[in-house]
Amino acid sequence: MKNYNNILEKLRASGSLRSLPDVVHRGKWIEKEGQVMLNLSSNDYLGLASRQDLRNEFIGQLQENDLLFSSSSSRLLTGNFPIYTELEELIADRFGREAALLFNSGYHANTGVLPALTDKQSLILADKLVHASIIDGILLSGTPYQRYRHNDYGHLKQLLTKYAHEYEQVIIVTESIFSMDGDVADLRSLVSLKKTYPNIWLYVDEAHAIGVRGKNGLGIAEEQDCIRDIDFLVGTFGKALGSMGAYLLCSRTIREYLVNTMRPLIFSTALPPVQIAWTKFLFEKLPDFTDERHRLAVTSHTLSEALKGQGGEISASHIIPFIIGENEDCILTSLHLQRKGFYCLPVRPPTVPKGTARIRFSLTADITKEEITELITNIGK
Ligand SMILES: *Cc1c(COP(=O)(O)O)cnc(C)c1O
């Protein structure tokens, strides 16, 4: 038998042991072991999840039919409440696309869509830094795959030249804003590349960008004006949308195909209708959050400028790496900043490459300029 205690001890010795922190949320602050800190590790990018006024408004207008805390079934059996279709139609309409399909989470989306779409005659070409859920989707699919160097479209082009004609279809997979580096994919270049061959699909995960980027908050695809050119456009509700779940924008055919084949959609109970109603309530308001998007852009720019040469220059978003290098140093710096009232967390290998342990700041719209200035002063100490 395996000795799991020994394995845990090794993780502890290398500074890689993970644990579930005991924390209490107080709006943009977080309380841990009696200390109240500014939360610099939240995915509530627009600050919507913690807004009492929005919750009150939502509860005030909630229909009795949607006040259900369980769907009690997969959507394919009895769990398909009208609110699901309403949200899908709203999203498809906002993006100006044929169809949308909802999932229980981004993890479900990425581990379900890729395996459903591909087989041994397909090839997946994925950016080296895509999220673990995409990797898991690729591995589950059993489809041949290659990773191209991060945002290196020259490398991707080489792979396409070499392999595109050998497979029935190729799927290029990328994130728009990357989870750990906070840099942004050039979706337009990917669209051009895709168009050089007849058998290429483009799959983009906008988990960190939906709500945050684009004039109406529709993400990098909106910002770069290429929504219609992305075959599979995925996003999540658990981050800026302050809710839970995920969506895919695609053609009507693909939607119908996934309803017939996608296992996490077919074999899992659908999210509670009340959750979908909350997502719909916030999604309807998404174009109105321009002030939030603007404030977030300003503070993000200030912090990434201050961290130039230490990782800040890599970021082009509200996710800003502060690269420290070794695990122990990274943990010490994060503890130092926590003592100063800034809740920031170390990210270590294997989540990031060896020797690039970092603090990953992820800013939210309710963090002020003054708070960022104070953080920068404390980083300098
Ligand atoms: C957070 C994240 C996911 C997972 O979404 P959940 O809804 O939290 O399961 C998927 N992809 C990326 C890029 C993410 O950052």
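Indexing begins at 1, ligand by ligand and atom by atom, following the structure's order.
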N/O donor-acceptor pairs under 3.5 Å from side chains in residues 336-345, not counting sequence neighbours:
from	atom 1	to	atom 2	distance (Å)
Q338	NE2	C344	O	3.0

* Kindly indicate whether atom 7 (O) of ligand 1 is approached by any protein heavy atom to under 4.0 angstrom. =>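 Given the 4.0 Å limit, the answer for atom 7 (O) of ligand 1 is yes, a protein heavy atom qualifies.
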
* Asked: Between S251 and E98, do the side chains contain an N or O donor and an N or O acceptor separated by less than 3.5 Å?
  ->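 Note: S251 and E98 side chains miss the donor-acceptor criterion.
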
* To do: Using distance alone, with no hydrogens and no angle criterion, decide if N6 and Y4 have a side-chain donor and acceptor under 3.5 Å apart.
  =>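 Side-chain D/A pair, N6 to Y4: absent.
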
Ligand-side contact atoms (ligand 1) for residue partner [X], heavy atom cut-off under 4.0 Å:
X    : result
E175 : 13 (C)
A207 : 2 (C), 11 (N), 12 (C), 13 (C), 14 (C), 15 (O)
Y107 : 4 (C), 5 (O), 6 (P), 9 (O)
T236 : 5 (O), 7 (O)

* To do: For atom 11 (N) of ligand 1, find the nearest protein heavy atom and state the residue, atom name and distance (0.1 Å precision).
  =>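 Nearest neighbour among protein heavy atoms for atom 11 (N) of ligand 1, to 0.1 Å: D205 OD2, 2.6 Å.
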
* Salt bridge R358-D181, side-chain N to carboxylate O under 4.0 Å ->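 Looking at D181 together with R358, the answer is yes, because their closest N to O distance falls below 4.0 Å.
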
* To do: Kindly assign one of parallel, tilted or perpendicular to the pair F361 and F322, based on the angle between their ring planes and the thresholds 30° and 60°.
  =>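 The arrangement is parallel - the two ring planes meet at less than 30°.
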
* Asked: Parallel, tilted or perpendicular for F283 and Y247, by the 30°/60° rule?
  ->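 Rings of F283 and Y247: perpendicular, over 60°.
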
Give a yes/no verdict on whether any heavy atom in [X] is under 4.0 Å from an atom of ligand 1.
X    : result
S179 : yes
H108 : no
G106 : yes

* Under a single-linkage definition using a 4.5 Å side-chain heavy-atom cutoff for Ile, Leu, Val, Met, Phe, Trp and Tyr, are I323 and L375 assigned to the same hydrophobic cluster? ->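 No; tracing contacts between hydrophobic side chains, which count when under 4.5 Å, never links both residues.
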
* Is I230 linked to F178 within one hydrophobic cluster, defined over Ile, Leu, Val, Met, Phe, Trp and Tyr using a side-chain heavy-atom separation of less than 4.5 Å? ->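 No; F178 is not reachable from I230 via cluster members.
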
* With heavy atoms only and a cut-off of under 4.0 Å, state how N110 meets ligand 1: side chain, backbone, both or neither. =>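 The answer is the side chain.
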
* Asked: With a 4.0 Å heavy-atom cut-off (strictly under), which part of S133 contacts ligand 1: side chain, backbone, both or neither?
  ->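 Side chain only.
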
* Asked: Counting heavy atoms not belonging to H301, are there more than 12 under 6.0 Å from its NE2?
  ->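 Atom NE2 in H301 is not crowded, with 12 or fewer foreign heavy atoms closer than 6.0 Å.
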
* Does H208 reach ligand 1 with a nitrogen or oxygen that is under 3.5 Å from one of the ligand's nitrogen or oxygen atoms? ->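 Right, the criterion is met.
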
* Between the candidates M244, M180, K239, E206, which shows the shortest non-hydrogen contact distance to atom 2 (C) of ligand 1? ->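 Answer by nearest heavy atom: K239.
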
